[in-house]
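See structure below.
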2 protein chains.
Amino acid sequence: MPIKHLHGNCLEVLRDVPAASVQLIVTSPPYADARASTYGGTPPDEYVAWFLPIAAEMKRVLKPTGTFILNIKEKVVDGERHTYVMELVLALRKQGWLWTEEWIWYKKNCVPGHWPNRFRDTWEHLYQFNLERKFDMHQKAVMVPMGDWAKTRIPRLSEKDRTRDPSASGSGFAKNVSNWAGRDKVYPTNVLDVELDEFAVMDPGTTVQLATETGFQGHSAAFPVGLPEFFIKLFTREGETVLDPFQGSGTSGVAATNLRRDYVGIDWLEENIALAKARIERECRPQGPSLMDLVESIENSG
Amino acid sequence: MPIKHLHGNCLEVLRDVPAASVQLIVTSPPYADARASTYGGTPPDEYVAWFLPIAAEMKRVLKPTGTFILNIKEKVVDGERHTYVMELVLALRKQGWLWTEEWIWYKKNCVPGHWPNRFRDTWEHLYQFNLERKFDMHQKAVMVPMGDWAKTRIPRLSEKDRTRDPSASGSGFAKNVSNWAGRDKVYPTNVLDVELDEFAVMDPGTTVQLATETGFQGHSAAFPVGLPEFFIKLFTREGETVLDPFQGSGTSGVAATNLRRDYVGIDWLEENIALAKARIERECRPQGPSLMDLVESIENSG
DNA sequence: GTTCCGCATGAATCGATAG
DNA sequence: ACTATCGATTCATGCGGAA
């Protein structure tokens, strides 16, 4: 189960990665930062120019049937959403990427705050790019039990039960649950509510990581492990390679390793490399193939 | 309570609307190539050029402190999301609009379906544009009880209760609900889960309309009345004017009329004008000021 | 072992103040 | 005028300690 950590400038380090060797790139690059002089971030107006050469290398290392998932979000500048994200998408298309889909990450724990002209921001973009119209997608690997059932149906039923007949709420509720329990799984949608329950039901082995990950303190910009996990299951098979060119605390690496995919993580900061290494060692348990992977491989061999 | 229905070509009819007379424009224009049989359908590549002159008229009729909410979604063309929506946003900015915010309409009860390279699309853009950095926004009018549309905390409590102590779930649940019920309301976020029960909680008076609206068949692209309702409450006051230049079945008009706002609806199809008129007459009940409006006016006069 | 409560904090944003 | 910094605002979540 090879895990590689490459330390250095993303653009330069990527040149050492073999062409067409990666099945999935899933990453959350540093967002544009208006305060470039103090923190070294890329100003919104320079963001596209900074990102394009890196994207060109990504194109080279990605397999033709592979996928690139980009997590990003606009900054507010002078009261407006800045357009650098849109401009980046348009520029990536000009570079030859196909913009296949836009997923929405609906964040449960967003930043607090209150402003006179704006509510709290609870979502981020997840742009999906591909190199060819036919790409690898393993939809069965991410099927969820009963759709949005866990989030919408049950609470709603319980609320209605409660409103209409408070005395019967307990028993009526329990009965509903048992009815739904036997149903088939369904495909998810392009809105991702990353919640513990969803992925815990899907793959019991990951429950603990998801629970601990949310409170992870080592890195300021971590996304929940359920996010890369979802895309890794959807766009790769066991043994294929996942790349995160801006790995940060290594969340993608944790997901990839647990799912028995090879992993290449790149970071400019030495401390992030060390952090990610330690985290993968700590959080990833050696184990046999999971039930789901066994089912997958049987289905695909037959 | 003036309600105007203007029949004709949107661009031409808009010229008859007085300048700076509208507080909110909320509309869902025909998407590119969509509804070709009824509206003629604008090809994606011509969409921006078609929309810009109309937007220029919108700019003229909107008050400086007003808001323009645009509901739109990309079409899939040759396996890719088309870029006409992004191009439209960029073009509107060049025309002088400020792109203040992007809201997400999260459609949980969307149509089933399944494709080899794509999951179901359950969200749409709601772009917010303004003319000036300071615009009218009445946040208190859309406060919701208990966090994220009253569905994260309560369901979670009930789920925990159920999992950990099934025998006590009935009474424990009821106790929790009554505890939370006394809490203050909170502001919503920029993701709108428009569902029947949520708006029922927010404003009990609208429950019936929402229930009928979801099954409304008269127009092919109806959005639920809760959507314009939310923005009308947020961006206008009683007596101000709401404009929907592509009114379709008149959903915005129903919301505006029920909320005691003036309304101007435009449509190219005579049958839609008739439909909207009939609907507003049928669904809007004459009534005194609502509790919420009373509270608002007291708060704002003090 | 469970449940409850308090507390810290997170990819933020705006407006005011200071240089 | 323009830029840089700071304080105030605010809620979902997980964790730790206590009963």
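The structure displayed is predicted, hence computed values, not measured ones. Reckoned from all heavy atoms, side chains included, excluding hydrogens, waters and symmetry mates.
Under the stacking criterion of a centre-to-centre distance below 5.5 angstrom and an interplanar angle below 30°, A:Trp115 is not stacked against the six-membered ring of C:dA12.
In this structure, B:Asn190 atom CG and C:dA12 atom P are separated by 14 Å, rounded to whole Å. Here the P atom of nucleotide C:dC14 and the NZ atom of A:Lys75 are 10 Å apart, to the nearest Å. Atom-to-atom, CH2 of A:Trp105 to P of C:dA11 comes out at 8 Å; the value is rounded to the nearest Å. Whole-Å rounding puts the A:Glu80 CD to C:dC14 P distance at 11 Å. In this structure, B:Gln139 places its CD atom 11 Å from P of D:dC11, rounding to the nearest Å. Computed from coordinates, the A:Arg120 CZ to D:dT10 P distance equals 11 Å when rounded to whole Å. At whole-Å resolution of the value, CZ in B:Arg133 and P in C:dC14 are 7 Å apart. Here D:dG14 presents its P atom at 15 Å from NZ of A:Lys107, a figure rounded to the nearest Å.
Here A:His114 reaches the OP1 or OP2 of D:dT10: one of its side-chain N or O atoms lies under 4.0 Å away. For the pair A:Asn117 and C:dC14, the criterion of a side-chain N or O lying under 4.0 Å from OP1 or OP2 is met. For the OP1/OP2 pair of C:dT13 and a distance below 4.0 Å, the side-chain nitrogens and oxygens of A:Arg81 include at least one atom meeting the criterion.
Taking every side-chain heavy atom of A:Arg118 into account, C:dC14 is the closest of C:dA11, C:dC14, D:dC11. The listed nucleotides are C:dA11, C:dT13, C:dG15; the one nearest the side chain of B:Lys134 is C:dG15. Closest to the B:Val186 side chain, of the nucleotides C:dA12, C:dC14, D:dC11, is D:dC11. Closest to the side chain of A:Pro112, out of C:dA11, C:dC14, D:dC11, is D:dC11. Side-chain proximity of B:Tyr187 to the nucleotides C:dT13, C:dG15, D:dC11 is greatest for D:dC11.
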Kindly indicate, with the supporting measurements, whether the criterion side chain to side chain contact (heavy atoms under 4.5 Å, CB included) is fulfilled by B:Leu24 and B:Ile69.
CA-CA 8 Å; B:Leu24 171 68; B:Ile69 297 289; 4.1 Å; yes
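At a threshold of 4.0 angstrom between heavy atoms, the contacts of A:Pro30 include nucleobase atoms, whether or not backbone atoms are also involved.
The partner of C:dT3 is D:dA18, judged by Watson-Crick or G-U wobble contacts that both fall below 3.5 Å. Pairing for D:dA4 goes to C:dT17, judged as Watson-Crick or G-U wobble with the two contacts each under 3.5 Å.
Under the 3.5 Å distance criterion, with hydrogens and angles disregarded, no donor-acceptor pair is assigned to the side chains of B:Arg133 and B:Thr100. For the residue pair A:Asn272 and A:Glu270, no side-chain donor N or O sits within less than 3.5 Å of a side-chain acceptor on the partner.
With B:Trp123 as the aromatic partner, B:Lys73 meets the cation-pi criteria of under 6.0 angstrom to the ring centre and within 45 degrees of the ring axis.
Classification of the A:Tyr263-A:His5 ring pair by plane angle, with boundaries at 30° and 60°, yields perpendicular.
Going from the P atom of C:dA11 to that of D:dC15 covers 15 Å, rounded to whole Å.
Here the two rings, on B:Tyr127 and B:Trp103, have centers that are 6.0 Å apart or farther.
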